[in-house]
Peer 1: 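Before I ask anything, here is the structure I am working with.
Hydrogens, waters and symmetry mates are skipped; everything else that's a heavy atom, side chains included, is used.
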Amino acid sequence: MTVLAVSTLLVLAGCATDEPTTGASGSPSAGTGSGTGEQSKFFVQADYDKQLALLDAAPTGPAGKPWEQALNPAMVETAKFTKPGPYKICFSNAGLNNPWRQVGFKTMQAEVDTHRGRISQFVHVDAEGKDQKQIADINDLLGKGCHALIVSPNTTATLTPAVEAACRKGLPVIIFDRGVDTTCPVTFINPIGGYGFGHVAAEFVTREMKRGGKVLALRILPGVDVLETRWSAAKVAFDKAGVDVVGVEFTDGDPAKTKKIVNDYIQRYGTIDGVWMDAGAVAGAAVEAFEDAGKPVPPINGEDQLDFLKLWKDKKLTAIAPTYPTYQWRTPIIAALKILDGEQVPNPWKLPQPTITQDNLDEYVDATMPPLHYAMCGCTDLPGYPRRWK
């Protein structure tokens, strides 16, 4: 996930499940010097254990096509949804309000183009990061003759009733990216998930920094399951390592706000020994804040956004990029067609979730693509590449 419009995120911030205090920067925080605070209400030990186990699981499916692969799949029957084509596929999208989602949607559209003989109409509705708009969008789509409904929920709890209403209409519902609190969809598609991302990043930061050092945790917004579980897993790792988490701050995905937060903590503590992030969009801004202050950049995590990968390589940072690959935007289209053909599909459909390290960094840095492009797009074999993504 990447830079989010501040106005959108302020709306979403009201959906927090926890009640954090306010840090010096004016954004929610676990409290200066108070460590990691209480565990998120989103934390489920069994799910955490499963996701960490999946980090070492070998995927099944076509080699070289991770968007069609699955980790430890449990297959479900879909014969009752069988229909003759061509099909009208409908998609209720949480938003196109950041580059991660924009890259993903271009990938989804290109995947649709590869099935034009089977997909007669692809209807996309943008909720613009607003829960109430997405609820209305889903209700409207239910009367549009969709053969399958794909939903990427804006927030978890608030969108659950709308998804359940869609399920009751009898059409196959496919959830991806972010989850909902119901098992009624035919499948929930996403990579390993937030626990895996948060764990990998936190383990790296604690391993590379001095023992007992000071960590600043930067988050985007509360109330979204994949972000909450990223922080939940990081909290477990930091608590176990005895790390001094001096701040847990929400950046709203805003580079300027991120730089101000980091600068405030540098001024207050002099030295920050590690930076953990629940989303990598503003990792570059955090790096710049240390450079502007004349301080060495501590161990840090980002994501597979190309601006961060290039900065990492050029500045020789101590860094890691756990990913939430945008290639997952291909999978719901593939799943919808399988379901309408009556084929079994995995549920949950857990996709591989690669990590970019120093050892494989050069494989993903691509100077020919825009800085806000994502290396894990899985789009190089799709119609219109690379022009469509530039």
Peer 1: Consider only side-chain heavy atoms of I, L, V, M, F, W and Y, link residues closer than 4.5 Å, and tell whether F197 and L227 are in one cluster.
Peer 2: no
Peer 1: If you link ILVMFWY side chains whenever their heavy atoms are less than 4.5 Å apart, which other residues fall into the same cluster as V180? By chain and number, please.
Peer 2: V123, V125, I135, I138, L141, L142, L149, V151, L159, V163, L171, V173, I175, F188
Peer 1: For D273 and R211, indicate whether the former's side chain and the latter's backbone hold a donor-acceptor pair under 3.5 Å.
Peer 2: no
Peer 1: Supply the atom-to-atom distance D126 CG to Q134 CD, rounded to the nearest 0.5 angstrom.
Peer 2: 9.0 Å
Peer 1: Provide the full list of disulfide (SG to SG under 2.5 Å) pairs with a residue in residues 145-177, sequence neighbours left out, each pair given once.
Peer 2: C90-C146, C167-C184
Peer 1: Side-chain donor-acceptor pair under 3.5 Å between E208 and T318, yes or no?
Peer 2: no
Peer 1: Assess whether a salt bridge exists between D381 and K65, defined as any Lys/Arg side-chain N lying under 4.0 Å from an Asp/Glu carboxylate O.
Peer 2: no
Peer 1: If you draw a 6.0 Å radius around NZ in K390, do more than 12 non-hydrogen atoms from other residues or ligands fall strictly inside?
Peer 2: yes
Peer 1: Membership question, hydrophobic clusters at under 4.5 Å side-chain separation (ILVMFWY): are F81 and M75 in the same one?
Peer 2: no
Peer 1: Who are the side-chain hydrogen bond (donor to acceptor under 3.5 Å, both in side chains) partners of W312, not counting sequence neighbours?
Peer 2: Q358
Peer 1: Using the side chain to side chain contact (heavy atoms under 4.5 Å, CB included) criterion, which residues pair with A375? Sequence neighbours excluded.
Peer 2: D304, L306, L309, Y364
Peer 1: I'd like to check R101 versus S152 (side-chain heavy atoms, cut-off strictly below 4.5 Å). Are they in contact?
Peer 2: yes
Peer 1: Restricting to ring-ring contact (aromatic ring centres under 6.0 Å, His included), what partner residues turn up for Y87, sequence neighbours left out?
Peer 2: H147
Peer 1: If a pair satisfies disulfide (SG to SG under 2.5 Å) and one of its residues is in residues 333-370, list it, with sequence neighbours excluded.
Peer 2: none
Peer 1: Between Q328 and P325, is there a donor-acceptor pair closer than 3.5 Å when you use the side chain of the first and the backbone of the second?
Peer 2: yes
Peer 1: Within a strict 4.5 Å, meaning less than it, do heavy atoms of the Y265 and V246 side chains meet?
Peer 2: yes
Peer 1: Angle class for the H373/Y385 ring planes (parallel below 30°, perpendicular above 60°, tilted otherwise)?
Peer 2: tilted
Peer 1: For residues 233-338, pull every pair meeting disulfide (SG to SG under 2.5 Å), keeping only residues two or more places apart or in separate chains.
Peer 2: none
Peer 1: For a 4.5 angstrom cut-off between non-hydrogen side-chain atoms, does T271 reach K210?
Peer 2: no
Peer 1: Between E68 (side chain only) and P62 (backbone N and O only), is there a donor and an acceptor less than 3.5 Å apart?
Peer 2: no
Peer 1: Is the shortest side-chain heavy-atom distance between V186 and V345 below 4.5 Å?
Peer 2: yes
Peer 1: Using modelled atom types only, decide if a donor and an acceptor are shared between the side chain of E303 and the backbone of G280 within a distance under 3.5 Å.
Peer 2: yes
Peer 1: May I ask whether L351 and I150 are part of the same hydrophobic cluster, defined by side-chain heavy atoms of I, L, V, M, F, W, Y residues being less than 4.5 angstrom apart, directly or through others?
Peer 2: yes
Peer 1: Using a strict threshold of under 4.0 Å (side-chain N to carboxylate O), is an ion pair present between R219 and D278?
Peer 2: yes
Peer 1: Could you tell me whether a side-chain N or O of K295 sits under 3.5 Å from a main-chain N or O of A289, the two making a donor and an acceptor?
Peer 2: no
Peer 1: Between D47 and Q51, is any side-chain donor less than 3.5 angstrom from a side-chain acceptor?
Peer 2: no
Peer 1: Report yes if the side chains of T187 and T78 come closer than 4.5 Å at any heavy-atom pair, otherwise no.
Peer 2: no
Peer 1: Could you check whether D264 pairs with R268 (Lys NZ or Arg NE/NH1/NH2 to Asp/Glu carboxylate O, under 4.0 Å)?
Peer 2: no
Peer 1: Please examine the side chains of R330 and L382, heavy atoms only from C-beta on, and report whether any two atoms are closer than 4.5 Å.
Peer 2: yes
Peer 1: Side chains of D131 and T155 only: does a donor on one sit below 3.5 Å from an acceptor on the other?
Peer 2: yes
Peer 1: Can D341 and K338 be counted as an ion pair, charged N to O under 4.0 angstrom?
Peer 2: no
Peer 1: Does F122 have any ring-ring contact (aromatic ring centres under 6.0 Å, His included) partners at least two apart in sequence or in another chain, and if so, which?
Peer 2: none
Peer 1: Can you hop from V224 to V282 via hydrophobic side chains spaced under 4.5 Å?
Peer 2: yes
Peer 1: Pairing donors with acceptors under 3.5 angstrom, does anything connect the side chains of T36 and W231?
Peer 2: no
Peer 1: Under a 4.5 Å cut-off applied to non-hydrogen side-chain atoms, are Y324 and D177 in contact?
Peer 2: yes
Peer 1: Hey, is the main chain of L372 close enough, under 3.5 Å, to the side chain of D307 for a donor-acceptor pair?
Peer 2: no
Peer 1: Check for a donor-acceptor pair, side chain of K313 on one end and backbone N or O of D362 on the other, with a separation under 3.5 Å.
Peer 2: no
Peer 1: Would you call the rings of Y195 and F43 parallel, tilted or perpendicular, taking 30° and 60° as the class edges?
Peer 2: perpendicular
Peer 1: Suppose the criterion is ring-ring contact (aromatic ring centres under 6.0 Å, His included): which pairs have a residue in residues 54-80, not counting sequence neighbours?
Peer 2: none
Peer 1: Using the salt bridge (Lys or Arg N to Asp or Glu O under 4.0 Å) criterion, which residues pair with K310? Sequence neighbours excluded.
Peer 2: D314
Peer 1: For the pair K235 and D239, evaluate side chain to side chain contact (heavy atoms under 4.5 Å, CB included) and give the outcome as yes or no after the intermediate values.
Peer 2: CA-CA 6 Å; K235 171 182 164 53; D239 288 349; 2.8 Å; yes
Peer 1: Any side-chain heavy atom of Q102 within less than 4.5 Å of one from N98?
Peer 2: no
Peer 1: Given 3.5 Å as the limit, does a donor-acceptor pair link the side chain of E228 with the main chain of G223, or not?
Peer 2: yes
Peer 1: Can you name the residues that form a ring-ring contact (aromatic ring centres under 6.0 Å, His included) with Y327, not counting sequence neighbours?
Peer 2: none
Peer 1: Can you confirm whether K83 is buried at NZ, in the sense that more than 12 heavy atoms of other residues, nucleotides or ligands lie under 6.0 Å from that atom?
Peer 2: yes
Peer 1: Under the ring-ring contact (aromatic ring centres under 6.0 Å, His included) test, which residues partner F204, sequence neighbours left out?
Peer 2: none
Peer 1: Report yes or no: does D225 contribute a side-chain atom to a donor-acceptor pair with the main-chain N or O of G179 at less than 3.5 Å?
Peer 2: yes
Peer 1: Counting N and O atoms only, with roles assigned by atom type, does the side chain of R178 sit under 3.5 Å from a partner on the main chain of N154, one being a donor and the other an acceptor?
Peer 2: yes
